[in-house]
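Proteins come first, then strands; the chains are lettered A, B, ... in the order of their sequence lines, and each starts at number 1. Every heavy atom of this structure was used, including side-chain atoms; hydrogens, water molecules and symmetry mates were not.
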Amino acid sequence: MDFIRAIINEELSMGKHGGRVHTRFPPEPNGYLHIGHAKSICLNFGIAADYNGLCNLRFDDTNPSKEDQEYIDSIMEDVKWLGFDWENRLYYASDYFEQTYRFAEELIKKGLAYVCDLSAEEVRQYRGTLTEAGKDSPYRNRSVEENLDLFRRMRSGEFPDGSRTLRAKIDMASPNLNMRDPVIYRILRSTHHRTGDDWCIYPMYDYAHPVSDSLEEITHSICTLEFEDHRPLYDWCLEKLGIFRSRQIEFARLNLSYTLMSKRRLLELVQMGIVSGWDDPRMPTIAGLRRRGCTPEAIRAFCDRIGVAKKDSMVDMALLEFHIREDLNVRTPRIMAVLEPLKVTIENYPEGQTEEFDIPFHPDDPSMGSRAVPFGRTLYIEQDDFMENPPPKYFRLAPGREVRLRGAYFITCTGVVKDPQTGLVTELRCIYDPSTRGGDAPDGRKVKGTLHWVSAAHAVPAQVRLYERLFLVENIGSECERTGRDYKDFLNPDSLRTLNGCMLEPSVKGAPPLSRYQFERQGYFCVDSADSKPDSLVFNRTVTLRDSWAKVEKTARVTRETPKAASKKSPAKGAPVPEITFDDFARLDLRVGRVLEAALVEGADKLVKLLVDVGEDRPRQILAGIRRAYPDPAALVGKRVVVVANLKPRAMKSGTSEGMILAGGSGDDWRVCTFDGEPEPGDKVS
RNA sequence: UGGGAUGUCGUCUAAUGGCAGGACACGAGAUUUUGGAUCUCGUUAUGGAGGUUCGAAUCCUCCCGUCCCAGCCA
């Protein structure tokens, strides 16, 4: 139960609105919908459904200079695709322009609105600041007659853009800036995508929105947190006009790690050509997710799972991926596709011979049926599935090793063919065991690895696009703020990898756009809706499979490389060190520490034991190999040092070291890094 | 330094004075013709200090952190 439904339950128990619940989803048609909008859509339509109520689709089209029919069309398509139906309740704020205008005249007649001749710049100056009250506009006390006359002439086009506004007369001293006589109409000559040039004045959101909600008798007007400060104005409009009282409720918008949710920035990515369009599969837009192969069910399940609250939050992209996998797992047929082919010749398989295996489309769902997969003497397997010198725990093919070809035979690698120039492996020679047909050995012997494969003679070539997260950092906004850099600096240069010459099993021939498959052992893939042709297929990777091998490999690599590359043996001066990404660097949690105590360690000729305050509830014990440079460690007490705070604690003979301090030097002479100044212990270092 | 919000596992979210629960992530194991899926088990949290109470995540006081607001955008 979220807090909004709790509010509704309470109202219902008091009999408010006679038990009626009516919500609305009110996008401005100035961009494509993204996953954040999906949250709002699921909320608004979901609440309506839960309470047997209704939800309207309303375009908040009060600013013609930014809006376009293209966006209206895409928004309707996306809401429908997500699985929601506004039935006959499609509305536009622009439908109410006449009524909205008449309400404004009413406010004038009640002495609650006035025409102001101040320029935009002057309005800003008169508004005051966060801490100082504003002052009244000199035009604030015009007579009702003069205001009415001026407002009518604004409408009829007598005055140039920006020369006058209609303002609500509230309180220039209000601590809430939104209540300091907000502008409710501006003069703006811009052709509206629906009303054309009928109007040259347009109502502002803060005024048009409550009026639209009220006219549609919306009971619950759900919007995001940043409008909390606008609620008093929302209520003011409805109260002063004496019309239906909708209730505004605010919730926290969705933030997703490794991506952006700002229409303005998404638009910029599109306009600068950083992505191919609003529906680029890397975009967090509904159109992008659809093209990538996401299902509406997955998005809805995700929206259900993240819940609704008022706390600012950052949802882990892994949660979205989980829901995508969960849904795709049960609905996609399996096929075999070799993305980076390595040729395999089965030496004891007769030349020219072919056979077919009947392999089910889904291991757990027989109702999906099966397909015939041809086999022959020449096959392709994945380059990653062979290693000449395999590390421990590598289950795949290696010289002399036997593995299973999925659904076919056991094969054993007997030879490796290399390019004489480059030394790269170009082909594998193998033999198969005819008695293992279907993939099981009659003698009961086991193999550790099962590989996917494609018959070279029957393979369907295709292009496959592999997508990674669009950005390198989890929280782009905070990273920009912290480093003062532009969000584009954090774009992932490897967010798209295009593979040509991928080899697919023939059952995919003629797959229509947006059809989805699991490529066994690889991930979920979807036929691209824009670029795929029946005779030249293009697939997008929706999401990888969970990959526990990748984890093993990663940790193995770290433990393999660390002792060599980053051990006490410092690299020679000027020695090349592999480049790291910013993301790699950001994994270090560097903190300011203040040395509280420092002492020599008995029986260790290099170590100094330090107690360092890093702003936590207790100081950390850190053992550092700096004794030669600091024979009297007391000199270190009080110094500010740089502490690697997220280093895994390390048990040593003389105690556990809970972190590391940075020092520079060579040989035995290592000097600790200090600060130019005295930052607080615990402060971030970057 | 004005006003408005908000702080619960690493992340998201429940618990309206009465056992801090779920999901993701992470870890261990079982199983497996996808290093997939499935199953089992596990680690980890109420921002801090006081107070009220038999009992506090919840109520009160103070402190701290974070977010939003000075468009004629929405």
For [X], which contact category applies under a 4.0 Å heavy-atom criterion: base, sugar-phosphate, or nothing?
X: H323(A); value: nothing
X: K448(A); value: nothing
X: F227(A); value: base

Side chain of [X]: nearest nucleotide among [options]?
X: S313(A); options: G4(B), A74(B), C12(B); answer: C12(B)
X: A120(A); options: U16(B), C72(B), G3(B); answer: C72(B)
X: R521(A); options: U34(B), U6(B), U13(B); answer: U34(B)
X: Y394(A); options: C67(B), G35(B), C69(B); answer: G35(B)
X: L545(A); options: G35(B), G71(B), G36(B); answer: G36(B)
X: E520(A); options: A37(B), G71(B), U34(B); answer: U34(B)
X: L177(A); options: U16(B), U1(B), A70(B); answer: A70(B)
X: E228(A); options: G35(B), G4(B), G36(B); answer: G4(B)
X: P363(A); options: U16(B), G35(B), U34(B); answer: U34(B)

Distance test, side-chain N/O of [X] to OP1/OP2 of [N], below 4.0 Å:
X: T62(A); N: A74(B); answer: yes
X: K551(A); N: C26(B); answer: yes
X: R264(A); N: A74(B); answer: no
X: R253(A); N: A74(B); answer: no
X: K311(A); N: U13(B); answer: yes
X: T131(A); N: G3(B); answer: no
X: R164(A); N: C72(B); answer: no
X: R305(A); N: U11(B); answer: no
X: R5(A); N: A14(B); answer: no

Considering only the [atom1] atoms, how many Å lie between [N] and [M], rounded to the nearest integer?
N: U6(B); M: A25(B); atom1: C1'; result: 24 Å
N: G47(B); M: C41(B); atom1: P; result: 29 Å
N: U61(B); M: G22(B); atom1: P; result: 34 Å
N: G2(B); M: A70(B); atom1: C1'; result: 11 Å
N: U46(B); M: U58(B); atom1: P; result: 12 Å
N: C12(B); M: G17(B); atom1: C1'; result: 26 Å
N: U44(B); M: U11(B); atom1: C1'; result: 12 Å
N: A57(B); M: G48(B); atom1: C1'; result: 14 Å

Item checked: Any side-chain heavy-atom pair of L267(A) and Y32(A) under 4.5 Å -> no
Checklist line | Note, W549(A) side chain near F395(A) side chain (heavy atom, < 4.5 Å) | finding: no
In whole angstrom, what separates [X]'s [atom1] from [N]'s [atom2]?
X: Y258(A); N: C12(B); atom1: OH; atom2: P; result: 14 Å
X: E132(A); N: G3(B); atom1: CD; atom2: C1'; result: 14 Å
X: L320(A); N: A25(B); atom1: CG; atom2: P; result: 12 Å
X: R180(A); N: C69(B); atom1: CZ; atom2: C1'; result: 10 Å
X: H452(A); N: G36(B); atom1: NE2; atom2: P; result: 15 Å
X: L130(A); N: A5(B); atom1: CG; atom2: C1'; result: 15 Å
X: R334(A); N: U34(B); atom1: CZ; atom2: C1'; result: 8 Å
X: E122(A); N: A70(B); atom1: CD; atom2: P; result: 20 Å

Who is the Watson-Crick or G-U wobble partner of [N], with both distances under 3.5 Å?
N: U66(B); answer: A5(B)
N: G18(B); answer: C54(B)
N: A49(B); answer: U61(B)
N: G10(B); answer: C24(B)
N: U31(B); answer: none

Backbone of [Y] reached by a side-chain donor or acceptor of [X] within 3.5 Å:
X: R371(A); Y: P360(A); answer: yes
X: D61(A); Y: A93(A); answer: yes
X: R155(A); Y: Y101(A); answer: no

Note to self: Please determine whether a side-chain nitrogen of the Lys or Arg among D213(A) and R58(A) lies less than 4.0 Å from a carboxylate oxygen of the Asp or Glu.
What the structure shows: yes
Check: Is a salt bridge present between E226(A) and R253(A), judged by a nitrogen-to-oxygen distance below 4.0 Å?
Finding: yes
Check: Stacking check: are the rings of W549(A) and G35(B) less than 5.5 Å apart at their centres and under 30 degrees in tilt?
Finding: yes
Notebook entry, point to check: Is the glycosidic angle of G71(B) within 90° of 0, making it syn, or outside that range, making it anti?
Noted result: syn
Notebook entry, point to check: Starting at the 5' end of RNA chain B and moving along, which residue's nearest nucleotide shows up first, R124(A) or F3(A)?
Noted result: F3(A)
Note to self: Within this structure, what is the CD-CD1 distance for the pair Q383(A) and I381(A), rounded to the nearest 0.5 Å?
What the structure shows: 9.5 Å
Could one point to a donor on the side chain of [X] or the base of [N] with an acceptor on the other under 3.5 Å away?
X: Q522(A); N: U34(B); result: no
X: N176(A); N: G4(B); result: no
X: R325(A); N: G36(B); result: no

Notebook entry, point to check: Which heavy-atom pair separates N176(A) from P232(A) by the least distance, and what is that distance?
Noted result: ND2-CG, 3.6 Å
Item checked: M172(A): which of K135(A), M179(A), R140(A) passes side-chain contact (heavy atoms from CB on, under 4.5 Å) -> R140(A)
